[in-house]
Amino acid sequence: MNKINILENKEAAKSYRRVAVAACFGTFLEWYDFLTFATLAIIFAPLFFPSSDPSAGLLASLATFGAGMVVRPIGAAVFGSMGDRIGRKPVFMITIALMGLATFCVGFLPTYAQIGIWAPILLVSLRLLQGLSAGGEIGGSAVYLTEHAGEKHRGFKTSFLQLMGPLGILVSTMQVTFLQSWLTADEFMSWGWRVPFWVSLILLLVAVKARIALKETPIFLDLDKRSARSKSPLRDNFKDRQTRKHMFLLFFCISAGGAVLFFCIQVYTSIFLKTSVKLPPQLVDQLTIYATLALLPLTVFAGWLSDKVGRKPVIVCGLALGAVLILPSFHLLEYLGKEISQSNQNGNQIIMIASILIGLSTILALVVGPQTALLAELFSARNRNSAATLPHNLAAGWIGGMLPFIITWLNKKWASDIAGLWYPTIFLACAFILALLYLPETRKTQLSD
């Protein structure tokens with residue numbers, strides 16, 4: 001009997017690994033496609049938005065990137081609802097195909113010099129399709145993976161999904177950097193920028209092949225068997241008081257808190273070190289890569305820790321540390337940067353900056369590590385996909401996505417390089433208080449309920 005149980009456990013573990021690899025690779029592709037656009041935003045400005053004022057062209061390019069963030073909640077509402085009505089797997093297939101094809105087509109777009117105003121129109125249209133797809137994938141994949149994870153070690157097993165965003169940033173950035181160093185400037189502007197979008201087709205074919213072999217989650221199959229599926233998931237979500245409460249907590253505390261930390265730590269630190277501190281861009285890129293690499297094991301550790309002590313203590317700790325340490329960390333980064341510019345002996349200062357960035361990554365990991373499991377655990381099986389994806393993408397798209405712009409605007413208004421960071425500080429402090437008072441502990445939740 002013990003041998004039978006061991007064999008069953010091994011088969012279950014093997015089956016989950018297949019599910020996890022396919023789900024994570026697809027989410028990696030979503031992030032790779034979505035963020036390659038951001039990496040090349042400065043290249044798109046003269047190609048698709050030519051202007052006598054370079055700043056105006058760059059702003060138009062960044063606005064196009066932002067359009068993809070803005071429509072993410074719409075994709076979450078549409079595809080999240082579909083996930084509760086027709087199943088998690090079919091939506092998985094639709095979103096990955098939509099993202100992959102839209103990204104691939106960007107690589108063949110004619111520029112403004114070739115077809116005029118239709119070039120930016122087509123680019124914006126494809127960007128909107130990317131945003132819709134990301135809204136259905138990011139959040140829906142968390143539900144799919146968590147429902148396959150079982151009851152034990154759920155935080156640890158699902159935390160790997162959170163690594164796909166940083167990996168997408170790394171691969172996209174490293175690929176563009178390699179192309180720019182390998183090609184001449186004219187070659188890269190002529191056709192080299194298209195290569196990352198062409199590569200996405202290969203990644204898409206691999207992802208689709210892996211996902212075709214996936215099975216529907218056992219929890220959704222049970223709902224289907226009992227004819228317990230919701231016919232109007234979004235309406236049911238807003239009618240139910242408990243679901244509304246958990247959607248708000250997910251939006252404000254977990255998803256928005258995680259998004260604020262992600263964009264503040266993974267995005268704004270690089271901007272700050274290059275523009276305000278004026279460190280060499282190559283040095284900043286190297287430090288950012290080190291911090292991102294450190295984030296990967298820290299995220300998995302936070303997921304594991306949430307299985308031991310609970311999701312709530314880990315997330316609340318991350319929000320509290322973020323609220324307390326964001327401002328001092330940036331003040332210290334500014335001070336160390338000035339020390340480097342005034343001294344030829346800068347080895348110790350660089351090590352200290354790297355340590356600060358890794359420390360900030362630890363704070364981010366505490367919030368996002370347990371996030372995948374918590375997204376699913378907060379809601380009942382009947383409405384889980386739609387209830388989780390909408391607030392999550394609303395927070396990531398509108399709160400997190402607007403963060404660098406708001407910080408920069410506040411800095412300019414108050415004539416300071418640091419003043420704008422009061423915004424994420426106050427936001428995280430409010431999220432901490434709400435989470436401490438109202439966020440339920442979900443570690444032992446039965447997902448089939």
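For Phe251, the ring pair (Phe, Tyr, Trp, His ring centres under 6.0 Å) criterion is met by no residue, not counting sequence neighbours. Applying the ring pair (Phe, Tyr, Trp, His ring centres under 6.0 Å) rule to Trp398 yields no partners; only residues at least two apart in sequence or on another chain are considered. In this view, Thr95 and Glu137 satisfy the side-chain hydrogen bond (donor to acceptor under 3.5 Å, both in side chains) rule, not counting sequence neighbours. Contacts of Phe252 classified as ring pair (Phe, Tyr, Trp, His ring centres under 6.0 Å), with partners at least two apart in sequence or in another chain: Phe248, Phe427. For Ile356, the side-chain contact (heavy atoms from CB on, under 4.5 Å) partners two or more places apart in sequence, or in a different chain, are Ser329, Leu332, Leu333, Leu336, Leu360. Every residue two or more places apart in sequence or in another chain that forms a side-chain contact (heavy atoms from CB on, under 4.5 Å) with Leu126 is listed here: Ala102, Cys105, Val106, Leu109, Leu129. Considering only residues two or more places apart in sequence or on other chains, Ser133 meets the side-chain hydrogen bond (donor to acceptor under 3.5 Å, both in side chains) condition with Glu30. The side-chain hydrogen bond (donor to acceptor under 3.5 Å, both in side chains) search around Thr288 returns none, not counting sequence neighbours. Remark: Tyr423 pairs with no residue by the ring pair (Phe, Tyr, Trp, His ring centres under 6.0 Å) rule, at least two apart or across chains. Considering only residues two or more places apart in sequence or on other chains, Val300 meets the side-chain contact (heavy atoms from CB on, under 4.5 Å) condition with Phe156, Ser159, Phe160, Leu163.
In summary, of the residues considered (Thr292, Thr299, Leu293, Leu364), a side-chain contact (heavy atoms from CB on, under 4.5 Å) with Pro166 occurs for Thr292 alone. Checked against Trp198 for a ring-ring contact (aromatic ring centres under 6.0 Å, His included), the options Phe104, Phe108, Trp193 give a single hit: Phe108.
Residue pairs meeting the salt bridge (Lys or Arg N to Asp or Glu O under 4.0 Å) criterion with at least one partner in residues 361-381, sequence neighbours excluded, are Arg154-Glu377, Arg311-Glu377. Here salt bridge (Lys or Arg N to Asp or Glu O under 4.0 Å) pairs that include residues 170-196, with residues two or more places apart or in two chains, number zero.
Put simply, the side chain of Pro196 does not reach to within 4.5 Å of the side chain of Thr103, judged on heavy atoms.
Taking the six-membered ring where tryptophan is involved, the planes of Tyr268 and Phe330 are tilted, since the angle between them lies from 30° to 60°.
Note: Leu279 CG to Ile350 CD1 = 8.0 Å, rounded to the nearest 0.5 Å.
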